[in-house]
Amino acid sequence: MYGLVNRAIEGLVCEKFGKESWQNICRRAGLGDPSFLAMEAYDDAITYSLVGAASAELGLDPAAILEAFGTYWTSYTIEEGYGDLLSMMGNTLEDFLDNLDSMHTRVGGTMPELVPPSFDREPQPDGSSILHYRSEREGLAPMVLGLLKGLAQRFDVKIHIEQLEPAGKGHERFMVRRA
Ligand code: HEM
């Protein structure tokens, strides 16, 4: 994944647990003292080992780390200059979810090696939505949970999220209902 992701993990850890924890995590992950470049593509294995090492160092479940990361991501990307792009993608949570693929397509304009996930919102008769999430990567559904929570904060709405049974390999589904 692009270094932007690894840098965001660093930002989250340093903000919540301090720089020393980050250094310990990097040591555990066998990375020494890395300085990731936001616009350079790194092996996915580096990101997964950072999450694993953070889990061991902080005594937290990897899923909890991924979820916190997802929530952090929505504010981190604004700090990193993606605020205008995010603002263009919709004024409501539902519109925004409809535009996630075009948002990543735009991101891909400056990150040619991007391998983005794909999202598809299926509106339900009662006003709720089923969000389909497809990815070539494994185990990142908790990140999507955190992202949805971060987006609900962004749009100042309260939502219930329920992870449904996967619809197939690499195809997770979430029921998103306004509270
Ligand atoms: C403008 C803001 C955003 C930027 C710049 C951005 C960029 C990226 C980048 C660089 C990756 C790593 C993939 C790679 O390097 O190949 C990624 C992955 C991902 N993004 Fe975004 N993204 C943004 C917003 C969002 C939002 C709002 C969501 C909400 C659902 C989202 C969902 C994901 C997920 C779930 C992944 C994990 C990769 C996977 O599932 O395969 N992103 N994004």
Side-chain angles (χ1 to χ4, degrees), residues 1-12 34 36-52 54 62-123 129-157 159-164 166-177:
M1 295 204 223
Y2 272 87
L4 186 70
V5 172
N6 300 330
R7 287 177 70 105
I9 298 176
E10 176 178 358
L12 173 66
F36 296 110
L37 302 175
M39 301 306 279
E40 188 161 315
Y42 296 86
D43 197 322
D44 279 6
I46 293 180
T47 309
Y48 281 97
S49 62
L50 282 172
V51 173
I65 291 170
L66 285 169
E67 184 177 328
F69 176 72
T71 305
Y72 182 73
W73 186 242
T74 46
S75 51
Y76 182 80
T77 47
I78 292 174
E79 276 170 35
E80 290 300 303
Y82 293 94
D84 287 349
L85 175 60
L86 288 167
S87 300
M88 284 189 320
M89 292 298 149
N91 294 323
T92 66
L93 174 66
E94 288 76 12
D95 282 352
F96 190 91
L97 295 178
D98 285 337
N99 287 324
L100 283 172
D101 282 6
S102 50
M103 184 207 64
H104 276 124
T105 300
R106 296 225 183 190
V107 172
T110 52
M111 294 181 172
E113 290 171 68
L114 190 77
V115 182
S118 175
F119 292 92
D120 185 22
R121 186 178 72 90
E122 190 190 335
S129 305
I130 294 180
L131 184 68
H132 297 264
Y133 159 58
R134 294 179 178 84
S135 171
E136 293 182 12
R137 302 183 175 92
E138 280 187 22
L140 299 183
M143 175 179 166
V144 176
L145 269 181
L147 280 158
L148 287 169
K149 289 181 183 174
L151 290 174
Q153 282 168 17
R154 173 180 170 85
F155 290 104
D156 198 18
V157 292
I159 55 170
H160 288 302
I161 312 161
E162 185 190 345
Q163 191 173 346
L164 305 175
K169 193 169 157 36
H171 180 179
E172 298 281 348
R173 297 175 307 153
F174 299 85
M175 173 64 82
V176 181
R177 201 187 297 278

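Each ligand, and each atom within it, is numbered from 1 in the order the structure gives. We count residues from 1, following the sequence as given. Excluded from the calculations below are hydrogen atoms, water molecules and symmetry mates; all remaining heavy atoms, backbone and side chain alike, are included. Being a predicted model, the structure only gives us computed values, none of them experimental.
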Problem - Tyr42 ring center near Tyr2 ring center (under 6.0 Å) - result: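 Judged by ring-centre distance (under 6.0 Å), Tyr42 and Tyr2 do not meet the cut-off.
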
For [atom], closest protein heavy-atom neighbour:
atom                    : value
atom 28 (C) of ligand 1 : Leu147 CD2, 3.7 Å
atom 43 (N) of ligand 1 : His104 NE2, 3.1 Å
atom 27 (C) of ligand 1 : Phe96 CE2, 3.7 Å
atom 41 (O) of ligand 1 : Ser135 OG, 2.6 Å
atom 24 (C) of ligand 1 : Met103 CE, 3.2 Å

Answer with side chain, backbone, both or neither: which part of [X] has a heavy atom less than 4.0 angstrom from an atom of ligand 1?
X      : answer
Leu148 : neither
Glu136 : neither
Met143 : side chain
Leu114 : both

Problem - Value rounded to 0.5 Å, distance of OH in Tyr133 from CD in Glu172 - result: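 One finds 8.0 Å between OH of Tyr133 and CD of Glu172.
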
Problem - Gap separating the CZ atom of Phe119 from the OG atom of Ser135, nearest 0.5 angstrom - result: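 Answer for the CZ-OG pair, Phe119 versus Ser135, is 8.0 Å.
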
Any atoms of ligand 1 less than 4.0 Å from a non-hydrogen atom of [X]? List them with their elements.
X      : value
Met111 : 10 (C)
Leu86  : 1 (C), 2 (C)
Arg137 : 13 (C), 14 (C), 16 (O), 38 (C), 39 (C), 41 (O)
Val5   : 11 (C), 12 (C)
Val144 : 35 (C)
Tyr133 : 35 (C), 39 (C), 40 (O)

Practice task
May I ask you to decide whether Glu138 forms a salt bridge with Lys169, counting only side-chain N to carboxylate O separations under 4.0 Å?
Solution key: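 Answer for the salt bridge query: yes.
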
Practice task
Before accepting this row, confirm whether a basic side-chain N of the pair Glu67/Lys149 lies closer than 4.0 Å to the acidic partner's carboxylate O.
Solution key: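 Yes, Glu67 and Lys149 are salt-bridged.
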
Pick, from [options], the option with the minimum heavy-atom distance to [atom].
atom                    : options                    : answer
atom 37 (C) of ligand 1 : Leu140, Val107, Thr47      : Leu140
atom 3 (C) of ligand 1  : Val115, Thr77, Leu145      : Thr77
atom 23 (C) of ligand 1 : Tyr2, Phe174, Trp73, Tyr82 : Trp73

Exercise for the section: Look at the side chain of Asn99 and the backbone N and O of Asp95, then say whether any donor-acceptor pair between them is shorter than 3.5 Å. Expected result: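 Yes: the side chain of Asn99 pairs with the backbone of Asp95.
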
Handout entry: Exam field: side chain Asn6 to backbone Phe36, donor-acceptor pair closer than 3.5 Å
Key =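 Flag not set: sc Asn6 to bb Phe36 has no pair under 3.5 Å.
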
Practice task
Side-chain contact test, heavy atoms from C-beta onward, threshold under 4.5 Å: evaluate it for Met89 versus Asp98 and give yes or no.
Solution key: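 Side-chain contact under 4.5 Å: no.
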
Exercise for the section: Fit a plane to each ring of Trp73 and Tyr76, take the angle between them on a 0 to 90° scale, and name the class: parallel (under 30°), tilted (30 to 60°) or perpendicular (over 60°). Expected result: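 Parallel: the ring planes of Trp73 and Tyr76 meet at under 30°.
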
Practice task
Please report the C-alpha distance between Gln163 and Met175 in whole Å, then the side-chain angles of each, then the deciding distance to 0.1 Å, and finally whether the side-chain contact (heavy atoms from CB on, under 4.5 Å) criterion is met.
Solution key: CA-CA 6 Å; Gln163 191 173 346; Met175 173 64 82; over 6 Å; no

Practice task
Dump the intermediate steps for side-chain hydrogen bond (donor to acceptor under 3.5 Å, both in side chains) on Ser129 and Arg121, then the final yes or no.
Solution key: CA-CA 6 Å; Ser129 305; Arg121 186 178 72 90; 3.0 Å; yes

